[in-house]
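Below is one structure, written out as structure tokens; comments come after it.
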Amino acid sequence: MSTTVTSTDNTPKTIRLTNGKDFTFVSNAATTQETIPIIDVSRMHSPNLADRQALAEEIREAAHIIGFFCITNHGIDMNLASNAMEQARKFFALPEAKKMEVSSELIPDEYCGYHGMQRYNPNGWKYRDLYEAFNWNYNPAKDPDYPDSSTPQINLWPKDMPAFEDKLSAYQTEMIRFARRLTRIFALALHVSEDFYDENVKQPEAGLRILHYPRQEACRDEQNGIGAHTDVEFFTVITSDAEGLEVLSKSGHWIKVKPIPGCFVVNIADCFMRQTNDFFVSTVHRVINESGRERYSLPFFWGIDRKTLLSPVPTCVSDENPNKYPVMTAGDYYLWRTRKQKRSWKVGENASETVKE
Ligand SMILES: O=C(O)CCC(=O)C(=O)O
Ligand SMILES: [Fe+2]
């Protein structure tokens with residue numbers, strides 16, 4: 001059945017994103033009248049190239065039109081996700097002082113570590129975003145395909161909680177294996193050879209985060225769970241235990257994404273949009289937790305390694321459609337965004353970037 005969550009604020013708003021672009025939504029209400037595509041990805045494991053190509057064409061369309069889709073029959077062991085979720089609940093239940101021992105402020109140029117409750121306000125709303133999070137980076141030693149114990153991880157793991165690191169890392173290892181395969185399908189979707197990205201994902205950007213959203217009491221016009229934003233890297237794979245994710249449609253309306261048990265939501269992020277010269281769209285999204293209970297989510301952020309140049313994919317540029325973006329390394333881009341977001345999303349600093357029309 002279709003539903004629309006009403007909002008007292010029906011005036012269009014324009015907000016500046018940290019990627020420098022502006023986006024507008026026509027109303028702050030959200031609807032289930034529009035949906036995101038559901039794609040059965042079992043064919044990604046097929047030995048037949050034609051099957052993989054057929055899947056790639058479906059992904060091509062979804063990545064081009066809306067930049068968000070739900071995947072079924074992915075083959076990921078969901079026990080690993082539930083174990084990570086269980087650890088998330090335990091971690092967030094710890095005293096604030098214990099969580100602050102691994103504060104993300106300790107490493108300013110990385111996202112890893114703990115981000116405290118109501119710390120950021122990316123949209124300049126009345127109240128700060130109602131979430132806390134813990135991020136962890138790729139650990140080369142635990143790569144399932146190219147393990148490398150000689151390159152140290154950059155992470156802030158809490159002391160005396162070995163199960164926390166173990167369970168979170170086990171999920172990460174599974175997701176890396178999956179993301180490498182999905183990257184090959186994305187290459188086919190761009191009509192380049194399947195191995196186009198293989199060399200660039202041997203030391204990938206493969207960070208994860210656990211998020212905890214308390215039940216929101218304030219109205220949706222005054223507070224977000226996590227404010228509207230776009231992700232930074234190539235694609236994100238999300239699992240969550242409750243509704244709350246909202247995606248901005250092309251027509252400027254918020255679509256409520258209904259989580260399907262056992263499935264993941266995949267979305268295109270900014271580096272992929274840049275590299276495809278906007279052919280794939282990195283769509284604005286946010287979370288508002290009106291589920292009436294706490295919400296936990298587990299996004300996995302996947303991108304090419306830091307030293308690779310974000311030069312355009314050959315099939316996405318032509319004389320008529322020249323590259324729109326300056327070329328830089330993925331690492332420089334990630335660093336620029338990390339610095340910008342950790343600074344400007346802090347309380348109040350971004351409010352001036354919100355243009356009320
Ligand atoms: O909690 C979610 O479902 C999404 C979180 C998100 O968009 C993010 O952390 O970038
Ligand atoms: Fe996101």
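What you see below is based on every heavy atom in this structure, not just the backbone, and it leaves out hydrogens, waters and symmetry mates. Just follow the structure's listing: the first ligand is 1, and inside any ligand the first atom is 1.
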Inset, instruction - Could you tell me whether Arg89 and Asp241 make a salt bridge, using a distance below 4.0 angstrom between a side-chain N and a carboxylate O? - result: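 Judged by the 4.0 Å cut-off on N to carboxylate O distance, Arg89 and Asp241 do form a salt bridge.
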
Legend entry - Electrostatic pair Arg339:Asp109 at N-O distance under 4.0 angstrom: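 So Arg339 pairs with Asp109 through a salt bridge.
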
Inset, instruction - Run through ligand 1 for me and note each protein residue having a heavy atom under 4.0 Å from it, chain first, then residue number. - result: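 Ligand 1 pocket, heavy atoms under 4.0 Å: Arg209, Leu211, Tyr213, Ile226, His229, Asp231, Ile238, His285, Val287, Arg295, Ser297, Pro299, Phe301.
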
Legend entry - Any donor-acceptor pair under 3.5 Å from Lys142 side chain to Gln172 backbone: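 Looks like no, no N/O pair under 3.5 Å.
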
Legend entry - Residues which pass side-chain contact (heavy atoms from CB on, under 4.5 Å) with Leu248, listed by chain and number, not counting sequence neighbours: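 Applying side-chain contact (heavy atoms from CB on, under 4.5 Å) to Leu248 gives Phe23, Phe25, Trp254, Val284.
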
Legend entry - Members sharing Ile288's hydrophobic cluster (side chains within less than 4.5 Å):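 Ile288 clusters with nothing; isolated.
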
Parallel, tilted or perpendicular: which one describes the rings of [X] and [Y], with boundaries at 30° and 60°?
X	Y	answer
Phe186	Phe69	tilted
Phe272	Phe280	perpendicular
Phe235	Trp302	tilted

Inset, instruction - Just the protein N/O/S atoms under 2.8 Å from the Fe ion (ligand 2), please, no waters. - result: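 Only His229 NE2, Asp231 OD1, His285 NE2 fall inside 2.8 Å of the Fe ion (ligand 2).
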
Inset, instruction - Would you verify whether the NZ or CZ of Arg306 falls within 45 degrees of the ring axis of Tyr334 while also being under 6.0 Å from that six-membered ring's centre? - result: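 Ring-cation test returns no.
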
